[in-house]
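Only a predicted model underlies this, so the values are computations on that prediction, with no experimental measurement involved. Computed over heavy atoms, backbone and side chain alike; hydrogens, waters and symmetry mates excluded. Note that the numbering runs from 1 along the sequence shown for the chain.
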Amino acid sequence: MVVVKRIVADLAAEDVAAVRQFYQDLFGLDVAMDFGWIATLTTGGSAPVQLSIASEGGSGTVVPTLSIEVDDVDEAHARAVEMGCDVPYPLTHEPWGVRRFFVKDPAGNTLNVLMHTG
């Protein structure tokens with residue numbers, strides 16, 4: 001049997017530098033590799049492999065491109081607002097035990113930024 005070592009989300013973007021900078025500014029990610037046409041960002045740590053398959057994003061929302069769990073969703077939301085980002089779904093306590101908001105990156109990808117509450 002094949003063992004999955006990691007799954008990397010690959011986001012299409014015409015302006016790789018702008019989208020890279022967005023993720024660096026909003027989430028404090030580090031550049032692990034940057035060839036101009038592709039950049040890989042990391043936290044430097046290891047994360048479990050997870051793959052979600054959904055017909056909707058919960059509470060009637062669209063399915064987001066990525067879900068990004070953070071330790072302080074209020075701080076991430078404040079940073080997104082300060083950066084002037086498009087926030088199509090407001091900071092919300094959801095009945096399944098998360099506090100989250102959606103934000104669009106410069107390439108138009110919808111991010112589900114969340115923190116578990118319970």
Write out all pairs satisfying salt bridge (Lys or Arg N to Asp or Glu O under 4.0 Å) with one or both partners inside residues 104-118, taking only residues at least two apart or from two chains. none
Enumerate donor-acceptor pairs with a distance under 3.5 Å from any side-chain N or O in residues 47-57 to protein atoms, sequence neighbours excluded.
from, atom 1, to, atom 2, distance (Å)
E56, OE1, G58, N, 2.8
E56, OE1, G60, N, 3.2

For residues 52-72, pull every pair meeting ring-ring contact (aromatic ring centres under 6.0 Å, His included), keeping only residues two or more places apart or in separate chains. none
Residues passing the salt bridge (Lys or Arg N to Asp or Glu O under 4.0 Å) test with D74, sequence neighbours excluded, are R99
Check H77, E75, E82 against R79 for a side-chain hydrogen bond (donor to acceptor under 3.5 Å, both in side chains) and give me the one that passes. E75
Could you tell me which residues satisfy salt bridge (Lys or Arg N to Asp or Glu O under 4.0 Å) with E69, sequence neighbours excluded, listed by chain and number? none
ring-ring contact (aromatic ring centres under 6.0 Å, His included) contacts in which one or both residues fall within residues 40-75, not counting sequence neighbours: none
Under a side-chain separation threshold of 4.5 Å, the hydrophobic residues clustered together with V87 are L11, V19, F22, Y23, L26, F27, L29, V31, L41, L66, I68, V70, V73, M83, L91, F101, V103, L111, V113, M115
Any side-chain hydrogen bond (donor to acceptor under 3.5 Å, both in side chains) pairs touching residues 57-67, not counting sequence neighbours? S59-E94, S67-N112
Test salt bridge (Lys or Arg N to Asp or Glu O under 4.0 Å) applied to D34 - qualifying residues, sequence neighbours left out: R20
Counterpart residues, side chain to side chain contact (heavy atoms under 4.5 Å, CB included), relative to V8 (two or more places apart): R6, D10
Could you report the tightest heavy-atom contact between A18 and P106, atom names first, then the distance? O-CG, 4.0 Å
How long is the span from the CE atom in M33 to the OG1 atom in T40, to the nearest 0.5 Å? 3.0 Å
